[in-house]
Amino acid sequence: MSIKLEQTWRWYGPADTVSLQDIKQAGATGVVTALHHVPHGEVWPLEDIIERKKVIEDAGLVWSVVESVTVHEAIKTRRPDAQRYIDNYRQTLKNLASQGITTICYNFMPVLDWTRTELFLEMSDGSKALYFNWNDLAAFDLFVLEREGAADDYPEAIKAEAKRRFDGYTPAELEKLKINILMGIPGEKNIELEDLRQSIGIYKAIGFDGLRKNLIWFLSSIADVCEENGIHMTIHPDDPPYPILGLPRIASNKDDLLYITKELDKPFNGICFCTGSLGAGVSNDIPAIFDAVKDRVYFAHLRNVKKDEQGNFYEADHLGGDVNMYAVMKALVAENATREVPIPFRPDHGHQMLDDLAKTTAPGYSAIGRLRGLAELRGLELGIMGEY
Ligand code: DNO
């Protein structure tokens, strides 16, 4: 019988309202976490890594994956001072590897990480989901950010609806929209509007090709450390998988992922296969993308999305939505059977539901919705493996 996928769970560290015991009760064995207290770009101190690892192990779990060692903007934009950040990144990788932590997730999205326009969209069953709507993004882009050239990026129908919404929103609603779009990693600080404006200008000059080059340069600059220490880097796809706010996106579809893995054709250069991020792309065929890059997949985020004709999407139940999770799981199980080390996956996001509706948790990362997701995904995996 083939080995099973490793069941993991994202934990935001000791400040997370979801505890390590909760994670154990959910049935995960591995933890996905990061040292969120270390400022982006600085070296992760060895002592802090050792301490975090001990906390996880004392709870009877293992630290399976780091998500993320954030790539500093100086590297993404290849600023003159980028080398300092490359050196720091290399040292962080060495420190992590010295403790046996060798699967690293990162992203190369300019400025913003994942982007949503609504964090609490009410589903018909009363649970709440994350939501992305182009009309709201355009309302922010055109009338709050007032980005130069933004009007050229949207079809007339979206522009008209964006104006209607902008005019109709109360100041509080507009503020909420702004906060949602500028939200960074949960627990970390939001991006300032002015910083975003400046960055947009910088990335305009870099463009799609320039950003790709910068990514390959970054990976080449850490390749020796990764190879010497058995590290697998896994790039997280863009979320949503489109250029937004005039910022280029380079990890949005099959061609992008193939380019990244072929341009630097080394096993350490891998992918975090996020079915939710890729699934939001209207032309993305998720099982086909997996098939194209599967030998480089070292981590998986399993999540589902439901899109409408305009490309707006909400995060659906893990086994609902547009992503054929059965096909994805079947392919993962088959790939896992060829591996010596099981592929870690985590139930990505989940609806805020039941008792969690009364709690404050990181958006997408409440316990019960993910517990439901993990339970369903685990059942799907066992069903496919025929192990009842
Ligand atoms: C959102 C996450 C992302 C992801 C990073 C990886 O919930 O999927 O924040 O962790 O993009 O670098």
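Numbering starts at 1 and runs along the sequence shown. Note that ligands are numbered from 1 as they come in the structure, with each ligand's atoms numbered from 1 the same way. Computed from heavy atoms alone, side chains included, the values below leave out hydrogens, waters and symmetry copies.
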Visitor: Mind telling me whether H236 and H301 have parallel, tilted or perpendicular rings, with 30° and 60° as the class edges?
Guide: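 H301 and H236: tilted rings.
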Visitor: Does the N or O separation between D348 and ligand 1 drop below 3.5 Å for any pair?
Guide: no
Visitor: Can I get a per-line list of side-chain donor-acceptor pairs under 3.5 Å for residues 323-331, giving both atom names and the distance, sequence neighbours left out?
Guide:
{"unit_1": "N324", "atom_1": "OD1", "unit_2": "Y326", "atom_2": "N", "d": "3.2"}
{"unit_1": "N324", "atom_1": "OD1", "unit_2": "A327", "atom_2": "N", "d": "2.9"}

Visitor: Please work out which of the three classes, parallel, tilted or perpendicular, describes the rings of H36 and Y12, given edges at 30° and 60°.
Guide: tilted
Visitor: Check whether H351 reaches the backbone of E315 with its side chain - one donor and one acceptor, N or O, closer than 3.5 Å.
Guide: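 Checking the backbone N and O of E315 against the side chain of H351, a donor-acceptor pair under 3.5 Å is found.
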Visitor: For atom CD of E148, is the number of surrounding heavy atoms from other residues, nucleotides or ligands below 6.0 Å larger than 12?
Guide: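 No, the 6.0 Å shell around CD holds no more than 12 heavy atoms from other groups.
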Visitor: To which of H349, R303, H301 does the heavy atom nearest atom 1 (C) of ligand 1 belong?
Guide: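 Looking at heavy atoms only, H349 sits closest to atom 1 (C) of ligand 1.
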Visitor: Number the atoms of ligand 1 from 1 as they appear, then name those within less than 4.0 Å of a heavy atom of Y106, with their elements.
Guide: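 It comes down to these atoms of ligand 1: 12 (O).
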Visitor: Is the contact between Y365 and ligand 1 made by the side chain, the backbone, both, or neither, using heavy atoms and a 4.0 Å cut-off?
Guide: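 Contact part for Y365 vs ligand 1: side chain (C-beta onward).
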Visitor: Show which atoms of ligand 1 fall inside a sub-4.0 Å distance from at least one heavy-atom site of S68.
Guide: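 It comes down to these atoms of ligand 1: 5 (C), 6 (C), 12 (O).
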Visitor: Angle class for the F290/F273 ring planes (parallel below 30°, perpendicular above 60°, tilted otherwise)?
Guide: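 Ring orientation, 0 to 90° scale: perpendicular.
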Visitor: Within a distance under 4.0 Å of any heavy atom of M109, pick out the atoms of ligand 1 and give their elements.
Guide: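 Once the distances to M109 are compared, the set is 11 (O).
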Visitor: Could you see which bit of N107 sits under 4.0 Å from ligand 1, with heavy atoms only: side chain, backbone, both or neither?
Guide: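 It is both parts that get close, each with some atom under 4.0 Å.
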